[in-house]
Amino acid sequence: AASGVNVVYAFLKDPGGRNITPEEMFEESGYHVPQVEQVGITPDGAVSNFVTGISVGNGLAVDSKDNIYAAGGLGVLKIAPDATMTTLASSGGRVYAVAVGYDDRVYFTDTKNQLYRINSDATLSVVSTAGLNTPLGLTIDAFGNFYVQNNDHRITRITPDGKAAVYFDQARFENEGVNMTADCSNNLLFAPFFMPPIKTPLGEEDIIVQLVGDTGEVREVLYGPSI
């Protein structure tokens, strides 16, 4: 997740549960999106520890003021720039994914198969229940469209007026970590572990694919094993 001051944040944990160092993140391959140690990475590649000792799900998002929002069990965690942590809101269900809109409003999905908006007074509004089937991923484009990565490997798009439809279903996701994000337009970037003919055979999420707007065109933009 990228912040308003161009710092990238990630959670680090290897498949066996061992905390890994930032240096190992670059030297080794095969690590899944982390859940214990949070690091910041500046544009020049400097890596520093930011928060440790927390457990999050698939959600990680940053607003324009550099506040971080994470899926923390039954609630959405807010982590301020000084590393102060508070529980921002809870729906009573396990939080799956978190996203921040262009207006800094925070949204999340949960085990109740609902998409929520967190209001300024910390109350919740249900944005949609349509098109959600164990919604493990969530992102928002510049036009206010929501994209939900469901456990059945379908990406559903929900428009600002609440209309839901399957947007893409040609990829398979391992559903570990944050696998999908939208850019400053309406292009999607995601990391599948299987997507013929671009990504075969089954394996780790070692490529990044771009779905270009509403054209249906998909293209590989990063091939991890070659880095």
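Below, all heavy atoms of this structure are taken into account, side chains as well, without hydrogens, waters or symmetry copies. Computed from a predicted structure; not experimentally measured.
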Asks: So, Thr156 and Asn150: side-chain donor and acceptor under 3.5 Å apart, yes or no?
Replies: yes

Asks: Calculate, to the nearest 0.5 Å, the distance between atoms CG and CG belonging to Asp82 and Asp66 respectively.
Replies: 11.0 Å

Asks: I'd like to know if the side chain of Ser128 reaches the main chain of Ala130, judged simply by a donor and an acceptor atom lying under 3.5 Å from each other, with no hydrogens or angles considered.
Replies: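 Yes.
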
Asks: Whether Arg94 and Asp110 form a salt bridge (side-chain N of Lys/Arg under 4.0 Å from carboxylate O of Asp/Glu) is what I want to check.
Replies: no

Asks: Strictly distance-based, threshold 3.5 Å: is any side-chain N or O of Asp169 a donor or acceptor partner for the main-chain N or O of Arg154?
Replies: no

Asks: Atom OH of Tyr96 and atom CG of Leu132: how far apart are they, to the nearest 0.5 Å?
Replies: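 Those atoms lie 10.5 Å apart.
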
Asks: Salt bridge between Asp63 and Arg105, side-chain N to carboxylate O under 4.0 Å?
Replies: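 Looking at Arg105 together with Asp63, the answer is no, because their closest N to O distance does not fall below 4.0 Å.
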
Asks: Apply side chain to side chain contact (heavy atoms under 4.5 Å, CB included) to the pair Arg117 and Val126, showing each step before the final yes or no.
Replies: CA-CA 6 Å; Arg117 178 180 65 248; Val126 176; over 6 Å; no

Asks: Dump the intermediate steps for ring pair (Phe, Tyr, Trp, His ring centres under 6.0 Å) on Tyr107 and Tyr116, then the final yes or no.
Replies: CA-CA 5 Å; Tyr107 301 83; Tyr116 302 89; over 10 Å; no

Asks: Ignoring hydrogens, what is the shortest heavy-atom contact between Asn67 and Ala80? Give both atom names and the distance.
Replies: OD1-CA, 3.6 Å

Asks: Taking Phe173's backbone N and O only, do any of them form a donor-acceptor pair with His153's side chain (distance below 3.5 Å, no angle check)?
Replies: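 Checking the backbone N and O of Phe173 against the side chain of His153, a donor-acceptor pair under 3.5 Å is found.
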
Asks: For Asp104, is there any backbone N or O sitting under 3.5 Å from a side-chain donor or acceptor partner on Lys65?
Replies: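 Side chain of Lys65 to backbone of Asp104: no pair is present.
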
Asks: Between OG1 of Thr84 and CD1 of Ile79, what distance do you get to the nearest 0.5 Å?
Replies: 10.0 Å

Asks: Just by distance, do the side chain of Thr139 and the backbone of Ala182 share a donor-acceptor pair under 3.5 Å?
Replies: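 At least one qualifying donor-acceptor pair exists.
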
Asks: Which atoms form the tightest heavy-atom contact between Pro160 and Gly144, and what is the distance?
Replies: CG-O, 3.5 Å

Asks: Nearest 0.5 Å, what's the CD1-OH distance between Ile155 and Tyr167?
Replies: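 Here the rounded value is 9.0 Å.
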
Asks: Under 4.5 Å between any side-chain heavy atoms of Phe108 and Ile118, yes or no?
Replies: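 Yes. Closest side-chain heavy atoms under 4.5 Å.
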
Asks: Step by step, would you call Lys199 with Asp206 a salt bridge (Lys or Arg N to Asp or Glu O under 4.0 Å)?
Replies: CA-CA 9 Å; Lys199 170 64 177 176; Asp206 54 8; 2.6 Å; yes

Asks: Could you tell me whether the side chain of Thr159 and the main chain of Asn145 form a donor-acceptor pair under 3.5 Å?
Replies: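 Flag not set: sc Thr159 to bb Asn145 has no pair under 3.5 Å.
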
Asks: Nearest 0.5 Å, what's the OH-CD1 distance between Tyr147 and Ile158?
Replies: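 It comes to 11.0 Å.
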
Asks: May I ask you to test the Ile198-Arg219 pair for a side-chain heavy-atom distance under 4.5 Å?
Replies: no

Asks: May I ask you to decide whether Arg172 forms a salt bridge with Asp152, counting only side-chain N to carboxylate O separations under 4.0 Å?
Replies: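 Salt bridge: no.
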
Asks: Could you tell me if the side chain of Ile68 sits less than 4.5 Å from the side chain of Leu60, heavy atoms only?
Replies: yes

Asks: So does Phe143 have more than 12 non-hydrogen atoms from other groups sitting under 6.0 Å from CZ?
Replies: yes

Asks: If we check side chain to side chain contact (heavy atoms under 4.5 Å, CB included) with Pro135, which of these qualifies: Leu115, Asn151, Val148?
Replies: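 Of all the options given, the one that passes is Val148.
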
Asks: How about Tyr69 and Val100: do any of their side-chain heavy atoms sit closer than 4.5 Å?
Replies: yes

Asks: State, to 0.1 Å, how close Leu74 and Val95 come at their nearest heavy-atom pair, and which atoms those are.
Replies: C-CG2, 4.0 Å

Asks: Throw together a table of side-chain donor-acceptor distances under 3.5 angstrom for residues 184-194, partners on residues two or more places apart or in other chains.
Replies:
from, atom 1, to, atom 2, distance (Å)
Asn187, OD1, Gly213, N, 2.8
Asn187, ND2, Asp183, OD2, 2.9

Asks: Quick one: pull up CE in Met195 and OG1 in Thr200 and give me the separation to the nearest 0.5 Å.
Replies: 11.0 Å

Asks: With distance as the sole test, does Asn119 use its side chain to make a donor-acceptor pair with the main-chain N or O of Ala122 at under 3.5 Å?
Replies: no

